[in-house]
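Taking it in order: structure first as structure tokens, then the write-up.
Hydrogens, waters and symmetry mates play no part in the numbers below; they use all other heavy atoms, side chains included. A note on names: the letters A, B, ... follow the listed sequences, proteins ahead of strands, and every chain is numbered from 1.
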Amino acid sequence: MGNQPQKTYWRSLNELAQNEEYKKFAEREFPEQATELTDGVSRRNFLQIMGASVALAGLTSCRKPVQKILPYTRQPEHLVPGIPQYYASSIPFRGNLAGVVIQTHEGRPTKIEGNELHPESKGRTNSQQQASILELYDQDRSRNVRNNGSDNSWDNFVAFCNDHFSDTDRTVAFLSEANSSPTLARLRNDALERFPNARWVTFEPFNNESVYSGIESVFGRRLRPLYHFDHTRITLSLDDDFMQESDNNVSYIGDFAESRKMLSPDDEPSRLYVAESNYSLTGSNADHRLRIKSSEIPPFAFALASELSRKINGLDAYSGYTNAFNDHSWIRVLAEELVAHQGNSIVTAGAEHDASVHATVAAINLALGNAGETVEYLEVPHLDATDQNEAFHTLVTDMNAGTIDTIVMIGTNPIFTAPADLNFGEALKNVGTQLHLSHYFDETSKVSTWHVNRAQFLETWGDGYSWSGVRSVIQPVIQPLFGGKNEIEFLNAVIHGTDESAYALVRETWRNVFPDDFESHWNRVLHDGLQTDSRFDVADVYMVDGSAEIITTYLNESTAAFSDGIELVLKPDPKLHDGRFANNGWLQELPDPMSKITWDNVALISPNTAEQIGVPPARKFGETRQQVIRIQTNSGRQTEIAAWVLPGHADRSITLYTGYGRQQVGRVADQTGVNTFPLRTSSNRLVQQNIEVSLAGRTYEIACTQDHHSLEDRPIIREADLQQYRDHPTFAQDEVYIPGTHGGEREHPLSLFSDKELPAHEPQWGMTIDLNSCVGCGVCTIACQAENNIPVIGKREVRRGREMHWIRTDRYFSGNERENPKVMHQPVPCMHCDNAPCEQVCPVAATTQSDDGLNQMAYNRCIGTRYCSNNCPYKVRRFNFFNYSKEYLTSGDDPEIIQMAMNPDVTIRFRGVMEKCTYCVQRISRAKIETKKDTGDSIKPKDGTVKTACQQACPANAIQFGDISDRDSRVSLEKSKDRNYMMLEELNVRPRTSYLAKIRNPNLDI
Amino acid sequence: MSQNIPMVPDNQLVKGNHDFASLTKLISEIPQERTPLWWYIAFGISNLVLAIMLAMIAWLFWNGIGVWGLQQPVGWGWDITNFVWWVGIGHAGTLISAILFLFRQGWRTAINRFAEAMTVFAVMCAGIFPAIHVGRIWTIYWIFPLPNSMQLWPNFNSPLLWDVFAVFTYLTVSALFWYMGLVPDLATMRDRVKGRVSKMIYGTFAMGWTGSNRNWQHYEKAYMILAGLATPLVLSVHSIVSFDFAVSMIPGWHTTIFPPYFVAGAIFSGFAMVLSLMIISRKLYKLEDIMTLDHIEKMNTIILVTGNMVGFAYAMEFFIAWYSGVEYEKFVFINRAFGPYSWAYWIMITCNVVSPQFFWIKKFRRNIALTFILSIVINIGMWFERFVITVTSLAQDYLPSSWGYFSPTYVDVLTYVGTFGLFFTCFLLFLRFLPMVAISEIKGVLPQADPAYYRAQNGNTKSNK
Amino acid sequence: MAQIFPVWVNDIPKRLQLAIILVVTAIIFGFWYFGSPEYLEVGYAPEQPIPYSHSFHAGELGIDCQYCHGSAWNSAVAAIPSTETCMNCHEYIGLDLETTQPLLDSWESGDPIEWVRVHDIPDHAYFNHSIHINTGIGCATCHGRIDRMDVVMKKESMSMGWCLDCHNDPAPHLRPVEEVTNMAWEPPDDHNEFAQMMIEKRNIDAPVYCNTCHR
Amino acid sequence: MSSKDHPYGILAEFDNPADLMDAALSVNKAGYKHFDTYSPFPIHGMDDAMGMKPSGLGWIVLVHGIIGLLGGIALQVWSMDIAYPVHISGKPYLNFPAFVPVAFAIVILLSSFGAFFGMFFLNKLPRLYNPLFNSSRIAKATDDGFFICIEATDPLFTVNKTTDFLREIGATHTETIPN
């Protein structure tokens, strides 16, 4: 994109009308019959199809544009045009695989779902996984091998390797992102054998190194903790946002929700304590939350340990230790709680905290007898033997010393993400040759001798382990769109100088796994997407000799006195992580779960701190311009970024997210947000104390999707404490007086008209959303966006309040904003009312009710009066103020690439029409038709066959969908629960979507 | 024959010693004399502004509704505000010609022509907005019940559709009414103007009117019937416009008081507009004898009455909000007065409720300068009333998560300003080419028009020739 | 005062009335006829890259529709056969004809044959072949006597109204499922009983709400 | 053609509405049927003076109104309930309260057409050529003149007698209108 760095999908309206030839695609992906793509497409063929379909603009017969149909020449077997196919595969992220199933239409991957068979994903996904489909179709991905910035070919690269690495005495440094692939491990060993002076460093800007080190210091081995939140009664999170930042967040959220399930008032939900500085997603789901600075977490942990040491054995090393926290009310309460729940409680700490914290946490979990019960410590074969943060540090030192001859960088982007004090850029200059494999021609590629464009996981073969050690294969579903190579092929070329296909290399590895009857095992793995019952061994752990001494040193090092200066905390962005997803429009436009900000990162501060700095502590309604503050660390590094007041944030602390502010990487990533990595140093990876903050004296526009964050005491979200719930199980229904229902005697309020009779042979669709399970992660929004061809509209339009998401997650604060407000998350899709207010006001009957109870929106009938949206009490309708889809689908050099991502079963909406959640009617129709064909006489699909995109993706299993006329369907059971209530029921619009009230489980002693 | 007619007493509708001929002269001269310079200037400006409006609409069609400031949740902003405002203004004319006619208010004859013209043009301006506010203008014909290959029909449950029918009917009937009133006067023009072409044009539109009594009979009947039809119509139109809001379920919209409240508001703003225009043109065209201070006073009285009705409605909204006990209702109205849009609310109160109170005092009612200023102020106020109702209710409705602050773009503003271009272009053409007072009607209210008048003079009219 | 107009102008109104009536009716019927999908759509028979004759293959040779358009039985789309399908026979026959040349070229080069689309419903309407076929709607019902067409021609308007006509009263169009590909099939005298039986048995209620076709 | 043998009628001018009214009365008394009075504004009582029947316009309007009502209701009932019934906000297909405004509007619209066009129809307008216009004075009828015209088609009509008669009843000026 170098030639047009400024250009962005959403900004240039003038771009809009130009691409006439793509008119058709703007209306819907591309001709249904253009089925050429199946067995993986070469771009040449693909463009032919486009070329053909493009023809229709020009040639016109007397009647209408001529449309071409291009059938296959050789049709692959098992493929029936018009019927999607599903392949099991896995998504790698920070070296851990997530099991997924990939839906393809005529060979185009269009949707990613979790793999039901996978013990971790259990069919569920997170936002990044859902969005990775868009990454595949990102036109800005690097398209060819480059040598010193100029285009080159893969063959030349292989030739170069052959020649360059024929001298095996070179001091080669392999710098790889975290990776669990056995195949890669094999190649790694080859490499280290072949090049005696080689070294291998794993570099992840955000990693678990200090977790491993901490555990090592007490258990003697670098082990990976695996938490079982579903078995815990009491969970204490020390600044650990395990619902967002953990590599395993999908199953953690699921397990946590499981532990909170309320089937009846008698159930015992678990209790979550969180002590943190930022108001994290995990914190927002806590029963009790303590706002403390991140720098105070270690002393807090030690104090807790020493308190516990007085009650239970195994923590003698801490006995007698005192600091300011010892008489903190929380310490006492937590100690009691944990002691009362030995063996079924969990203590966790944020991965970036010092080893000392993790050592303490490990010791506590062991002492409480949680180890082996709720916490398992896994022996991970591919973990590096030493602390890689240090390894990276020494590598850079050597590079500066000029002792590194060649550096091979696999996937990482250190120029952007490496700690600023190391000044990796300079160091890299002292290296003779740099080879870099990456998706984008990014910051690091630009300064490398060789850049190899990387193939995405949907494009090539690979393998690896999940967090808990489930071994899977990465199965491609399409040939590399830009002819890229993945890390296996790349590394193989480097080491052996040969051009081996990843397929061969991976199979070779797996032959050792299945020595006999390989093919059938292999096919089974491909079919299931994983090797059954593969799992890491659980280590049995004990405090090793000398651990006590180490702990003592930790305690002595820890600063007992707290500074009251302002401190800075750097965290990975909930959406973009370290910036690797920065060019992903879906993630950029997904509102941050807590701040609801899109397209930007901000400095999160508490109201009190805001006043201290001079920023208004409360936002004026409708104000998009925010004060910019200048942050200067004591090491002199500084940056300017907009301040954002987040109630509940710790005082005298600022949280910054990384991953924004990338330059010339892609049209989405560029010019969004501020790059905060320059503030991060190797010594202070997480916290920097005593920073200087001042007003920059300018303002900056922020696109936030929720202007008002107080409930105004409206009974929209209903919640109760466990005790209240037990005293009054139907509190949710009784909270609002519904005129005419005579205290539940009548199902619905009185109405002027008699109830409509809908045909009995039709299913009646309905949905429930369990607010007690929902954690507010927002994956439903992305899943819906992927399923329903929802365009990305860009910051300017979002700022104007025109976001297009069909399901949004409302976030409300309640309680004292200055202190520690509670947070409620509420996903809001279309409610599909039986008495829908939107229907009666449409002058052309474009929105009406279907026989199966959907509030249906006929886009092509809509004339766009927006009256329906005005009259919708839930404000779930979305209007195409501009020709968003067309801009989205026809911008850039090769718009047809993004067009491939579209779901052919969903109409693409034109400018000036209203749109909204359809309950995924395309899935419903498919299911009804299939049922009719199977049964011959019924159109009522079996319960559970129709899953909406949001329901399918939800890691917490909060959404149920099905036939409410069937009394035994899951959704009916949910609706029959006493927590079930309808939002704004008093309006008698009779929504089909209802909510289950949230139950909090507070400790009454606090 | 006028000399021995006694001085016209004060309570007469037409001041000055006018007889039939002088009235004919006074009014029918205007279109014949040379076009004054001010007219050319005014007309030029109006055309310019009209051009701006057309440009803005073209821009809107090219890019989409997004060029306006609308968003979630505010799907209607200036577009509907302007629509309701213009329709409101369009109420004075028909009201004056129809209702005052039925009530035998002779004084209406001085201003009805002019008010009717204003009505027609105002409703034209109003009609623009519902038309262009739709997202896909090229499909707008779908709101009409036309047979089509989709076998689809409009939704007669929708207030917006009622609106279409109501406003269309209103425009048509007002135009017919206006034209019918014009016919005898066009005949007068036909018989006055020199120049063959203008004779032919006026002649064509006069349709060969002779003033035959057999025609007058049907004419008067038709006039009476049209008045009878227009009266319920004029009351229904703004009621139906108010249904756009009242039938919905948004707090601040869903209000049963709307129909009478809107009609009162419409008359309020309509009369104000008539006054503004009348005060200017009676000066420019020296029609003080016909459009007298009495007229201004009478109209000010009506403004006072309707103004207070509107004020009462405002108060009643608050009372009901409180009395209903619906928290959403309560919030909306408190929020109007003290929320982010309070500025608009207080402008509205000042202009619509406070300012008319001057007219309790006769001296002010007969003060032309004050009347003129207030008539403008009132129309500003009425615009803000519509803005307050439309926007503030939407901006903060049921779910706080979906609240949003609306602010207009330059396109919003210029489109609105542009409609004045259309309005004044039409109005200036009317002043220039048509008799702006109903000649035949005003003759009809002269004392000389009544045969009894001559008998009173014991038939001495014969002798004095 | 002199007359402004000659005497004959008095007749203009009458003549005008007549003229207006004529013009208006003309316009209405003009739209009605020339604007109708029946006029615009029916009879569209573009020339194809290969002069493939259905009347020969389906008619004389009696190849069943399923052989080439099999996907219609279980998928939404009745796909155009792949070159491979044609080659099943044309590897052995008709090689010398120059009409089959494009086919062979495609087979050699692997580039698809660019057929021109005849039956094209708008992108916002989702028609599913399989459900119609499996409910006993014959191919000929919508596509006409393909077996008699040398060049495929659009036989029906395929407008929304046309769809609705059938969905509102499917009975006349139902036929035994095994007869769907039978081009020559004619409803027997007792068709109504049969149709009623089908509707009872298969619980047929062709939906007419928007979501049926629009999503 | 010469006006003498086939005149259109005799046009007589009077001073003021009162005289015109008296004259009309006498003309009517005298048994003339085909005559008409011309004035710049309708004169009250003139209809009786001329012995005219009340206008039948009301009936035309009524018929239009009824057509409008039936048509309006029929249109809505048919399109909402018969042609393509759809579920809208859980309301019945025949939602009569909602049909009122449109039906009402159509009634008013058609009635107004009835009144407007009916008036012109009954008045036999437009009639741009009118023998009266041959008179030089008739133009005053739209200003301040008051006229009676007795048409030649009247059985009692003869140029001289009629002229004299009109002078008798106080015509300030008479003239024969050529055809």
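- Contacts of B:V183 with chain D are made by side-chain atoms alone, with heavy-atom separations under 4.5 Å and no backbone atom involved.
- Ring geometry for D:W78 versus B:W153: interplanar angle over 60°, hence perpendicular rather than tilted (30 to 60°).
- Minimum heavy-atom separation, B:I225 to D:G58: CD1-CA, 3.9 Å.
- For D:Y93, the OH atom counts as densely surrounded, since its 6.0 Å shell holds more than 12 non-hydrogen atoms of other residues, nucleotides or ligands.
- Remark: D:Y84 OH is packed, more than 12 non-hydrogen atoms of other residues, nucleotides or ligands lying under 6.0 Å away.
- D:L75 places a side-chain heavy atom less than 4.5 Å from the side chain of B:F156.
- The parts of B:L233 that come within reach of chain D are both its backbone and its side chain, each placing non-hydrogen atoms under 4.5 angstrom from that chain.
- Neither the backbone nor the side chain of D:F147 comes within contact range of chain B, judged by heavy atoms closer than 4.5 Å.
- Here B:S212 is the residue among B:S440, B:G208, B:A222, B:S212 with the most heavy-atom pairs under 4.5 Å with chain D.
- Neither the backbone nor the side chain of B:P159 comes within contact range of chain D, judged by heavy atoms closer than 4.5 Å.
- Of the two parts of B:T210, the backbone and the side chain both hold a non-hydrogen atom closer than 4.5 Å to a non-hydrogen atom of chain D.
- Below 30°, between 30° and 60°, or above 60°: for D:F41 and B:F20 the angle between ring planes is between 30° and 60°, a tilted geometry.
- Taken to the nearest 0.5 Å, the CD1 atom of D:I88 stands 3.5 Å off from the CG atom of B:N155.
- B:R214 places a side-chain N or O within 3.5 Å of a backbone atom of D:F35 that can act as its donor or acceptor partner.
- The CG atom of B:N157 sits 5.0 Å away from atom CG of D:N95, with the distance rounded to the nearest 0.5 Å.
- For residues 162-169 of chain B, heavy-atom neighbours of chain D at less than 4.5 Å comprise B:W162, B:F165, B:A166, B:F168, B:T169, sorted by residue number.
- The residue among B:L229, B:T172, B:D185 with the most heavy atom pairs within less than 4.5 Å of chain D is B:L229.
- Comparing B:K443, B:M224, B:H218, B:E441 by heavy-atom pairs within less than 4.5 Å of chain D, the highest count is held by B:H218.
- Counting heavy atoms from C-beta on, the side chains of D:S112 and B:L226 come closer than 4.5 Å.
- For the atom pair B:L176 CG and D:M119 CE, the distance stands at 10.0 Å (nearest 0.5 Å).
- The residue from D:L57, D:L122, D:D47, D:N123 that alone fulfils the side-chain contact (heavy atoms from CB on, under 4.5 Å) condition with B:Q217 is D:D47.
- Of the listed residues D:S55, D:P54, D:A98, D:P126, the one with more heavy-atom pairs under 4.5 angstrom with chain B than any other is D:S55.
- Using a 4.5 Å cut-off between heavy atoms, D:Y129 does not touch chain B at all.
- A salt bridge is defined here as a Lys NZ or Arg NE, NH1 or NH2 lying under 4.0 Å from an Asp or Glu carboxylate O, and B:R192 with D:D143 meets this definition.
- Contacts of B:I240 with chain D are made by side-chain atoms alone, with heavy-atom separations under 4.5 Å and no backbone atom involved.
- Within the 3.5 Å criterion, the main-chain N or O of D:M46 finds no donor-acceptor partner in the side chain of B:W216.
- Both the backbone and the side chain of D:L128 come within less than 4.5 Å of a heavy atom of chain B.
- Checking side-chain atoms of D:N16 against main-chain N and O of B:P451 turns up no donor-acceptor pair under 3.5 Å.
- Here the CG-CZ distance, from B:D191 to D:F133, works out to 6.5 Å after rounding to the nearest 0.5 Å.
- Most heavy-atom pairs under 4.5 Å with chain D: of the set B:A187, B:S28, B:G203, this distinction falls to B:A187.
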Requested in this report: Please assess D:D144 against B:D19 for the test side chain to side chain contact (heavy atoms under 4.5 Å, CB included), listing each intermediate value before the final yes or no.
Outcome: CA-CA 8 Å; D:D144 62 350; B:D19 60 14; 5.9 Å; no

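- Here the closest heavy-atom approach between residue D:T142 and residue B:T24 is recorded as O-CG2, 4.4 Å.
- Rounded to the nearest 0.5 Å, atoms OH (B:Y219) and CZ (D:F120) are 8.0 Å apart.
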